[in-house]
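Both ligands and their constituent atoms are indexed starting at 1 by order of listing.
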Amino acid sequence: MSIPLPENAKQDLLARGYSRRHFGRISSLLGMGAALSQFVPAAQAGTTKAPGDAPFVGHPNMVRIGSNECWTGPFPSAIAAGQAMVPHGNRYEPDHLRATLLQNVSLVDNLPLDHILPWPGSSDPLSRSVVSFCSPTRGLVTANPTYETAWRTAEWLKIKLSRVPLSAHNNYATDVRAMLAADPNAGAYYICSPNNPTGTVTPLEDIAWLADNKPAGSVLIIDEAYIHFAGTPSAAALVKQGKDVVVLRTFSKMFAMAGLRLGLTLARPDLHERMMRYDGPNITTMLNIVALACGAESLTQSVAISQRRNEMIAARTLAIKHIEKRGFRVLPHSQANMFLVDWKKPAPQMKEAFAKQNIEIGRHWDIWPTMSRITVGSMSDMQAFCQALDHIMA
Ligand SMILES: Cc1ncc(COP(=O)(O)O)c(C=O)c1O
């Protein structure tokens, strides 16, 4: 799906070094296109994808620990809040739901209301921030491995892309100094913390260092999709200080709303304004009322959040111990609902072997072709995974 770009957006893009040939590609990334952009066929996006790594491989009867979804639904009170909105589905905005969501974010993250934008998920603002802050003259820097949507967007737009290995000496955090060295004139530096697929956290001091040392006019895109699983400090503090930082959040993970579609960006209004040039504010105003109600309630559930985090940690610990007992290495220091396992053979082979046992495990990244990402599911999901591993190794 592609929408015509407004004239002022075209002028801005041309002024930043894009050409008219980019317009169609850019509009295909916005709105629904963004959710799909992560699945741009490999040949088009210039990334190699192994067979068996197709998205949406899940089948209803499989143990689904492949897509970093939450193993259960939204919190009970959030489900109730969402359900209560269904009878009002005839109204565009029955009860100032969007305002309530923003109010709750403002309280939890200690940010002014005009620094918060809600989205139908975080994929659109992720792609859009690459479009907005990078260009053919100012590249994108990411870690490797990391979540691919930002780098796929750069490849799709033929923007210079630098990928920097994680720092093995610093708990597999993103290596911010190496990122700056890789491209001292980049338009954006993307840091996913906790990082997908390693679950490792980049210390806030490192992110703050990059915010203070990056080139003028560039922006840090900090993807905090998994932060509630780690409980670590948020880069929202840097937004509050007025830094050139855009924080991305999603309700798809801890809040278990992947199918309901809700996300947030936290940033200075002028940075948001640069992201909103392409299609007006509609995408952030016309949101699903069930998702808005469910999301607003979820944010207030601090006890349920830490219970769910502890549940995840118990299931992760059980699975990792079992894998290590079987002689495989798990990449250490994950603080999120995923980890990488090194099978010492091509990861797609193990993915296929698990699929035969009705277990859908995650994909691999080209930099580490023998490692699979395992999502932490429920305790019983992880017990089934361990049994399947025993079966495969028998
Ligand atoms: C790091 C990261 N960012 C963003 C997203 C996109 O999430 P959504 O579009 O569901 O908000 C994902 C989804 O897996 C992710 O892992």
Side-chain angles (χ1 to χ4, degrees), residues 29-40 53-58 64-71 73-74 101 105 117-130 140 142-153 166 173-174 188-202 207 220-230 232 234-235 246-266 283-284 287-288 291-292 294-295 298-299 312 334-340 360-365 373-377:
L29 288 168
L30 308 176
M32 263 309 290
L36 300 174
S37 70
Q38 55 187 310
F39 307 127
V40 167
D53 268 10
F56 301 137
V57 288
R64 294 171 66 167
I65 51 171
S67 302
N68 280 0
E69 296 155 332
C70 192
W71 61 92
L101 174 75
V105 178
L117 269 185
W119 300 81
S122 60
S123 297
D124 176 306
L126 176 48
S127 277
R128 180 186 296 256
S129 52
V130 174
L140 173 73
T142 76
N144 193 11
T146 194
Y147 187 58
E148 309 96 320
T149 292
W151 85 42
R152 291 226 174 111
T153 302
L166 295 171
T174 304
Y189 299 83
Y190 170 77
I191 297 175
C192 185
S193 180
N195 186 44
N196 179 1
T198 56
T200 51
V201 168
T202 301
I207 297 174
L220 306 194
I221 304 165
I222 310 298
D223 189 338
E224 295 186 340
Y226 300 94
I227 193 146
H228 294 96
F229 282 114
T232 44
S234 165
V246 176
V247 172
L248 296 163
R249 296 270 181 80
T250 179
F251 290 71
S252 299
K253 308 301 176 183
M254 168 62 86
F255 299 139
M257 290 175 52
L260 284 167
R261 311 305 300 143
L262 192 65
L264 295 169
T265 48
L266 313 175
I283 190 169
T284 68
L287 293 163
N288 179 315
L292 284 173
C294 194
S298 300
L299 289 171
M312 181 280 293
S334 171
Q335 297 193 55
N337 60 329
M338 77 199 93
F339 54 83
L340 287 174
E360 179 209 330
I361 64 166
R363 61 188 184 276
H364 73 275
W365 271 248
R373 186 190 67 191
I374 312 294
T375 300
V376 181

Asker: Quick one: which ligand 1 atoms are inside 4.0 Å of a heavy atom on G121?
Answerer: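 Selected atoms, number and element: 11 (O).
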Asker: Does D223 have a heavy atom less than 4.0 Å from any atom of ligand 1?
Answerer: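 Distance cut 4.0 Å: D223 passes for ligand 1.
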Asker: Could you tell me, atom by atom, which parts of ligand 1 come under 4.0 Å of a heavy atom of K253?
Answerer: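 Under 4.0 Å from K253, ligand 1 has these atoms: 13 (C), 14 (O).
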Asker: Has ligand 1 got any nitrogen or oxygen that is less than 3.5 angstrom from a nitrogen or oxygen of R261?
Answerer: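 The answer is yes, given that R261 and ligand 1 share an N or O pair closer than 3.5 Å.
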Asker: What's the verdict on salt bridge (Lys or Arg N to Asp or Glu O under 4.0 Å) for E148 and R363, showing C-alpha distance, side-chain angles and the deciding distance?
Answerer: CA-CA 12 Å; E148 309 96 320; R363 61 188 184 276; 2.7 Å; yes
Asker: Among N195, N68, V376, T198, which residue satisfies the side-chain contact (heavy atoms from CB on, under 4.5 Å) criterion with M338?
Answerer: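 Of N195, N68, V376, T198, side-chain contact (heavy atoms from CB on, under 4.5 Å) with M338 is met by N68 alone.
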Asker: Show which atoms of ligand 1 fall inside a sub-4.0 Å distance from at least one heavy-atom site of S123.
Answerer: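 Those qualifying, in numeric order: 6 (C), 8 (P), 9 (O).
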Asker: State, with a plain yes or no, whether a side-chain heavy atom of T146 is found less than 4.5 Å away from one of L166.
Answerer: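 No, their side chains stay 4.5 Å or more apart.
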Asker: Yes or no on side chain to side chain donor-acceptor pair (under 3.5 Å) for T200 and Q335, after CA distance, side-chain angles and deciding distance?
Answerer: CA-CA 6 Å; T200 51; Q335 297 193 55; over 6 Å; no
Asker: Assess, by modelled atom type and distance only, whether the side chains of D223 and Y190 contain a donor and an acceptor separated by less than 3.5 Å.
Answerer: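 Note: D223 and Y190 side chains meet the donor-acceptor criterion.
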Asker: Would you please determine whether C192 falls within less than 4.0 Å of ligand 1 on a heavy-atom basis?
Answerer: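 Per 4.0 Å heavy-atom rule, C192 contacts ligand 1.
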Asker: Determine whether the side chain, the backbone, both or neither of S122 has a heavy atom under 4.0 Å from any heavy atom of ligand 1.
Answerer: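 Both backbone and side chain of S122 come within 4.0 Å of ligand 1.
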Asker: Y190 to ligand 1: N or O pair under 3.5 Å?
Answerer: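 N/O-N/O distance below 3.5 Å does not exist for this pair.
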Asker: Which atoms of ligand 1 have any heavy atom of N196 under 4.0 Å away?
Answerer: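 It comes down to these atoms of ligand 1: 16 (O).
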Asker: Within a strict 4.5 Å, meaning less than it, do heavy atoms of the W119 and L126 side chains meet?
Answerer: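 Result no, sub-4.5 Å side-chain heavy-atom pair not found.
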Asker: Given that the side chain starts at C-beta and the backbone is N, CA, C, O, which of these parts of F251 lies under 4.0 Å from ligand 1, counting heavy atoms, or is it both or neither?
Answerer: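 The answer is neither; F251 stays 4.0 Å or more away.
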Asker: Using a strict 4.0 Å cut-off to heavy atoms of S252, name the atoms of ligand 1 that fall inside it.
Answerer: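 Here the atoms of ligand 1 in question are 8 (P), 10 (O), 11 (O).
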Asker: With a 4.5 Å limit on heavy-atom distance, are the side chains of I227 and S193 in contact?
Answerer: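 When only atoms from C-beta onward are counted, S193 and I227 do not touch, as no gap falls below 4.5 Å.
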Asker: Checking S252 against E69: is there a side-chain donor and acceptor pair closer than 3.5 Å?
Answerer: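 No, S252 and E69 have no side-chain donor paired with an acceptor closer than 3.5 Å.
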Asker: Which of the atoms in ligand 1, numbered in the order shown and given with their element, are less than 4.0 Å from a heavy-atom of A225?
Answerer: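 So the answer, numbered in order with elements, is 1 (C), 2 (C), 3 (N).
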Asker: Walk me through it: do L266 and L248 pass the test side-chain contact (heavy atoms from CB on, under 4.5 Å)?
Answerer: CA-CA 7 Å; L266 313 175; L248 296 163; over 6 Å; no
Asker: Using heavy atoms and a 4.0 Å limit, tell me yes or no: is W119 in contact with ligand 1?
Answerer: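 Judged by the 4.0 Å heavy-atom criterion, W119 does not count as contacting ligand 1.
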